[in-house]
Novice: 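Structure in structure tokens, see below.
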Amino acid sequence: MNAAQHTHLEPVALVTGASRGLGLALAHALAGEGWQLVITARGAAELAEAETALAAVTKVVALPGSIVDDDHRAHLAEAAEGLGGASLLVNNAGSLNGAVTPGTEPLPRLADFPLPDLLELFEVNALAPIALTQLVLPQVRAHSGAVLNISSDAAVEAYPGWGGYGASKAALDLATAVLAREEPQVRVWAVDPGNMRTRMLQEASPGEDISGEPLPEEVAPVLIGLLRDRAPSGRYRAEDLAAAPVADRGGR
């Protein structure tokens, strides 16, 4: 499908962290349902590969960069507006540990967590998604659209070594819940996708066999179901969504 075949009526999704893992899987799932895309990730080479694959299906604008950068977030919002305005924002980009200090452990204990890394972690996982949402929200409102924030079970369970990551995701969860109350005309979801066979999980579990975990491509359609069903705003687990009939889905 080439660009000339697209019209302003086709919905637009902005997906962060879209070069691999769940972000890339979500981008492909959306493209398959006719969505135009604005995608971003820090790795320019991987993002270019994703752009090439997605461009065979839909119109896509790929902008490499970090979501903690103010100018980059502004460029993402402008790109979405240029396609007709975002109906969906997917805040998927995340960091495991901040990793700005050389030699940082994959999952440092809170007592040993370098504060520069912790600051970066909260900036990537909580502050930047909120800041990007602020920029894109007028577009989402105009389309009665949705914001999808990717959470984690570490946001609600106390796992040793996951304190920094979990706390940053818990902050995003609460921001999601508040935004849902403040913006009743749009859908606002936080979703725990569960363990997946991704590079991030392998980095968090060095030496462990994660081959039994589901691929992101298996989880993405479950999350897209929220959009298709226009499920109530709330926090969801992919495991529950996959098991529950559509009529039983409800925010919590």
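What you see below is based on every heavy atom in this structure, not just the backbone, and it leaves out hydrogens, waters and symmetry mates. Numbers here simply count residues along the sequence, with the first being 1.
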Novice: Taking Thr16 for its side chain and Asn92 for its backbone only, find out whether a donor-acceptor pair lies under 3.5 Å.
Specialist: yes
Novice: What's the shortest heavy-atom distance between Pro232 and Trp189, and which atoms?
Specialist: O-NE1, 3.1 Å
Novice: Is His143 reaching over with its side chain to a backbone N or O of Gly84, donor-acceptor style, under 3.5 angstrom?
Specialist: yes
Novice: Which one of Arg235, Lys169, Arg237 satisfies the side chain to side chain donor-acceptor pair (under 3.5 Å) criterion with Ser151?
Specialist: Arg235
Novice: If you apply the rule side chain to side chain contact (heavy atoms under 4.5 Å, CB included), what do you find for Ser95 with Asn125, and how did you get there?
Specialist: CA-CA 6 Å; Ser95 174; Asn125 290 355; 4.1 Å; yes
Novice: Determine whether Leu223 and Leu22 make a side-chain contact, defined as any pair of heavy atoms from C-beta on separated by less than 4.5 Å.
Specialist: yes
Novice: Okay, side chain of Glu81, backbone of Gln139: is any donor-acceptor separation there less than 3.5 Å?
Specialist: no
Novice: Between Asp112 and Glu105, is there a side-chain heavy-atom distance shorter than 4.5 Å?
Specialist: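 No, too far: nothing below the 4.5 Å cut-off.
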Novice: I'd like to check the side chain to side chain donor-acceptor pair (under 3.5 Å) partners of Glu78; sequence neighbours left out, ordered by chain and number.
Specialist: none
Novice: Taking all non-hydrogen atoms of both residues into account, name the closest pair between Ser168 and Ala126 and its distance.
Specialist: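 In this case the closest contact between Ser168 and Ala126 is O-CB, 3.7 Å.
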Novice: Which pair of heavy atoms, one from His72 and one from Leu63, lies closest together, and at what distance?
Specialist: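 Reported closest heavy-atom pair: CE1-O, 3.1 Å.
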Novice: For residues 128-142, pull every pair meeting salt bridge (charged side-chain N to carboxylate O under 4.0 Å, His left out), keeping only residues two or more places apart or in separate chains.
Specialist: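 Listed by first then second residue: Arg141-Glu183.
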Novice: Taking side chain as C-beta onward, heavy atoms only, is Leu172 less than 4.5 Å from Phe122?
Specialist: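 No; the side chains remain at least 4.5 Å from each other.
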Novice: To the nearest 0.5 Å, tell me how far Leu227 CG sits from Glu33 CD.
Specialist: 7.5 Å
Novice: Within the 4.5 Å heavy-atom criterion, are Glu51 and Pro64 side-chain neighbours or not?
Specialist: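 When only atoms from C-beta onward are counted, Pro64 and Glu51 do not touch, as no gap falls below 4.5 Å.
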Novice: What residue among Leu24, Leu30, Leu148 forms side chain to side chain contact (heavy atoms under 4.5 Å, CB included) with Val15?
Specialist: Leu30
Novice: Who clusters with Val178? Use side-chain heavy atoms, under 4.5 angstrom, across I, L, V, M, F, W and Y, and order the result by chain and number.
Specialist: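 Val178 clusters with Leu174.
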Novice: Other hydrophobic cluster members with Leu127, side-chain heavy atoms of Ile/Leu/Val/Met/Phe/Trp/Tyr under 4.5 Å, chained?
Specialist: none
Novice: Does a donor on one side chain sit under 3.5 Å from an acceptor on the other, for Asn91 and Asn149?
Specialist: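 Indeed, the side chains of Asn91 and Asn149 share at least one donor-acceptor pair under 3.5 Å.
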Novice: Give me the atom names and distance for the closest heavy-atom approach of Ala74 to Leu135.
Specialist: N-CD1, 3.8 Å
Novice: Taking C-beta and beyond as the side chain, do Val186 and Leu179 meet within less than 4.5 Å on heavy atoms?
Specialist: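 They are not in side-chain contact.
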Novice: Of all heavy-atom pairs between Val188 and Ser233, which one has the smallest distance, and what is that distance?
Specialist: N-OG, 2.9 Å
Novice: What is the minimum heavy-atom distance between Phe113 and Gly164, and which atoms define it?
Specialist: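 So the two residues come closest at CE1-CA, 3.8 Å.
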Novice: Distance-only, no hydrogens or angles: does the Trp35 side chain make a donor-acceptor pair with backbone N or O of Leu88 under 3.5 Å?
Specialist: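 Answer holds: no.
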Novice: Could you go through Glu123 and Ser66, starting from their C-alpha distance and side-chain angles, then the distance that decides it, and tell me whether this counts as side chain to side chain contact (heavy atoms under 4.5 Å, CB included)?
Specialist: CA-CA 11 Å; Glu123 207 168 4; Ser66 171; over 6 Å; no
Novice: Are Glu10 and Lys59 within salt-bridge range, i.e. N to O under 4.0 Å?
Specialist: no
Novice: Using modelled atom types only, decide if a donor and an acceptor are shared between the side chain of Thr58 and the backbone of Leu54 within a distance under 3.5 Å.
Specialist: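 Side chain of Thr58 to backbone of Leu54, a donor-acceptor pair under 3.5 Å: no, none is there.
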Novice: Salt bridge (Lys or Arg N to Asp or Glu O under 4.0 Å) with Arg73: which residues, sequence neighbours excluded?
Specialist: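 Partners of Arg73 under the salt bridge (Lys or Arg N to Asp or Glu O under 4.0 Å) test: Asp70.
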Novice: Out of curiosity, Asp229 CG to Arg187 CZ, how far, rounded to the nearest 0.5 Å?
Specialist: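 Answer rounded to 0.5 Å: 10.5 Å.
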Novice: Going by the rule side chain to side chain donor-acceptor pair (under 3.5 Å), which residues pair with Ser87 if we only count those two or more places apart in sequence or in a different chain?
Specialist: none
Novice: Report yes if some heavy atom in the side chain of Leu107 is under 4.5 Å from a heavy atom in the side chain of Asn97; otherwise report no.
Specialist: no
